[in-house]
> 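I have a structure I would like to understand better, so I am pasting it below and will then ask my questions one at a time.
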Amino acid sequence: MSQLDEAIRARHSIRKFLPRPVPKELLCECLELAQLAPSNSNIQPWRLFIATGADRDRLKEALLAVAREEAPHVPSLPEHFSHFRKELGAQVYGVGMGIPSTDKEARRAAVLRNWEFFGAPVVAIVCMDKELGHADALGIGMYLQTLVLSLTARGLGACVQVALAGYPEVIYKELAVPRELTILCGMSIGYPDPDFPVNKLKIGRGPVENNVVILGY
């Protein structure tokens, strides 16, 4: 098994991080590798705003203040895809955290951890120029996968979070993100807590034939 295979198989969506700081040199090493990701016409459409320390703490408090009062503005899933979200929630909150679906307060507290970055010491906000389209969003997806695998191979963990884009006005203000950029998602980065049960969950995937059609073989 190659090192890339190992990084892919070791990849988890981390839901709790240790307070251990991430060395800047190590983070920059991963960012340099991710910069090699392919993109349409090599325009490298990804824009990241990374916060740690006091800047990270300020963003967390601002996001939590809004999240306690209103739901995030994230796209809903079409009905025929919504079961995936329910199944994932059952695994993460039910199996991983032992929170029954009937315990609304415990579920709400667990969801609010999104805007605490699950305790990660580093948070990245991923953006794209508003003039760009779907082809360029694909490039950002490849960039994020490259970054996540680079982090995983070095013992770090990451959780890509659509929820962090749910309060864009807070992020525009707190991180001085230019208004010509669309906020796509966030990413929490740090060292995974090895004792947190959710971090050990193996989230299942369907068989390849559910997603792929191969012709000519």
Side-chain angles (χ1 to χ4, degrees), residues 1-15 29-48 72-97 101 111 114 118 120 124-166 182-189 192 196-217:
M1 185 183 294
S2 71
Q3 288 183 330
L4 178 58
D5 290 344
E6 291 175 357
I8 292 172
R9 294 183 184 278
R11 162 75 185 133
H12 294 269
S13 184
I14 305 303
R15 301 304 176 99
E29 183 178 313
C30 296
L31 291 168
E32 288 174 4
L33 284 170
Q35 196 70 16
L36 300 175
S39 61
N40 175 33
S41 300
N42 195 34
I43 66 171
Q44 303 153 66
W46 44 85
R47 291 285 303 277
L48 266 67
H73 306 287
V74 295
S76 60
L77 291 174
E79 185 176 351
H80 57 288
F81 286 104
S82 62
H83 68 94
F84 288 106
R85 181 170 289 168
K86 293 177 182 177
E87 291 164 4
L88 179 62
Q91 290 184 71
V92 171
Y93 298 120
V95 177
M97 301 178 70
S101 59
V111 170
N114 276 278
F118 302 117
I125 301 299
V126 183
C127 305
M128 180 178 78
D129 193 294
K130 289 179 178 178
E131 294 183 345
L132 298 177
H134 297 305
D136 306 299
L138 290 174
I140 293 176
M142 289 187 282
Y143 172 87
L144 286 175
Q145 179 76 328
T146 306
L147 178 56
V148 166
L149 292 177
S150 299
L151 292 164
T152 303
R154 287 158 180 77
L156 290 161
C159 183
V160 179
Q161 298 170 256
V162 174
L164 293 186
T182 296
I183 297 169
L184 297 178
C185 66
M187 178 189 284
S188 296
I189 300 169
F196 191 58
V198 177
N199 290 351
K200 302 174 185 178
L201 280 179
K202 291 286 187 180
I203 304 300
R205 297 292 192 273
V208 170
E209 54 266 26
N210 281 7
N211 302 84
V212 179
V213 176
I214 300 177
L215 303 175
Y217 275 95

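The residues of the chain are indexed from 1 along the displayed sequence. FYI, side chains are in, hydrogens and waters are out, and symmetry mates aren't considered; it's all heavy atoms of this structure.
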> Please walk me through it: do N199 and F118 pass side-chain contact (heavy atoms from CB on, under 4.5 Å)?
CA-CA 11 Å; N199 290 351; F118 302 117; over 6 Å; no
> Residues two or more places apart in sequence or in another chain: which of them pass side-chain hydrogen bond (donor to acceptor under 3.5 Å, both in side chains) with H80?
none
> I want to check something: taking the side chain as every heavy atom from C-beta on, are I203 and R205 in contact at a cut-off of under 4.5 Å?
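Answer yes - side chains close enough.
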> Is there side-chain contact between F196 and I14, with heavy atoms separated by less than 4.5 Å?
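Side-chain contact under 4.5 Å: no.
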> Looking at A163 and V74, what are the two nearest heavy atoms and their distance?
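The pair with the smallest heavy-atom distance is CA-CG1, 4.3 Å.
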> Hey, are the side chains of C30 and T146 touching, using non-hydrogen atoms and a 4.5 Å cut-off?
no
> Testing the basics here: between P192 and G155, what is the closest heavy-atom pair and its distance to 0.1 Å?
CD-O, 3.8 Å
> So which atom in C127 and which in I140 form the shortest heavy-atom distance, rounded to 0.1 Å?
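Minimum heavy-atom separation between C127 and I140: O-CD1, 3.9 Å.
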> Within this structure, what is the CG-CZ distance for the pair N114 and R15, rounded to the nearest 0.5 Å?
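Reported to 0.5 Å precision, the distance equals 7.0 Å.
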> Begin from the C-alpha positions of C185 and L144 and carry the test side-chain contact (heavy atoms from CB on, under 4.5 Å) through to its verdict.
CA-CA 10 Å; C185 66; L144 286 175; 4.0 Å; yes
> Looking only at heavy atoms, which two atoms of L48 and A124 are closest? And how far apart?
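Closest pair (atom of L48, atom of A124, distance): CD2-CB, 4.2 Å.
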> With a 4.5 Å heavy-atom cut-off, do M97 and V198 have their side chains touching?
yes
> What do you reckon, is NE2 of H83 surrounded by more than 12 foreign heavy atoms closer than 6.0 Å?
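Atom NE2 in H83 is packed in, count exceeds 12.
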> Measuring from atom CG of D129 to atom CZ of R47, what distance do you get when rounded to the nearest 0.5 angstrom?
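It comes to 8.5 Å.
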> With a 3.5 Å cut-off and sequence neighbours excluded, list the donor-acceptor pairs that the side chains of residues 35-46 form with protein atoms.
from	atom 1	to	atom 2	distance (Å)
Q35	OE1	W46	NE1	3.1
Q35	NE2	Q44	OE1	3.2
S39	OG	I43	N	3.4
S39	OG	Q44	N	3.0
N40	ND2	D136	OD1	3.3
N42	OD1	Q44	NE2	3.4
Q44	NE2	N42	O	3.1

> With rounding to the nearest 0.5 Å, note down the distance linking CE in M142 to CG in L147.
14.5 Å
> Just grab all the ring pair (Phe, Tyr, Trp, His ring centres under 6.0 Å) pairs involving residues 198-217, residues at least two apart or on different chains.
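Residue pairs with at least one partner in residues 198-217: there are none.
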> A side-chain contact here means heavy atoms from C-beta on lying under 4.5 Å apart; do V160 and V148 qualify?
yes
> Do E29 and R154 make a side-chain contact, defined as non-hydrogen atoms from C-beta onward lying under 4.5 Å apart?
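Counting from C-beta outward, E29 and R154 do come under 4.5 Å.
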> About how many Å separate CE of M187 and CG of L164, when rounded to the nearest 0.5 Å?
10.5 Å
> Answer yes or no: are there more than 12 heavy-atom neighbours, outside K86 itself, under 6.0 Å from its atom NZ?
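No, the 6.0 Å shell around NZ holds no more than 12 heavy atoms from other groups.
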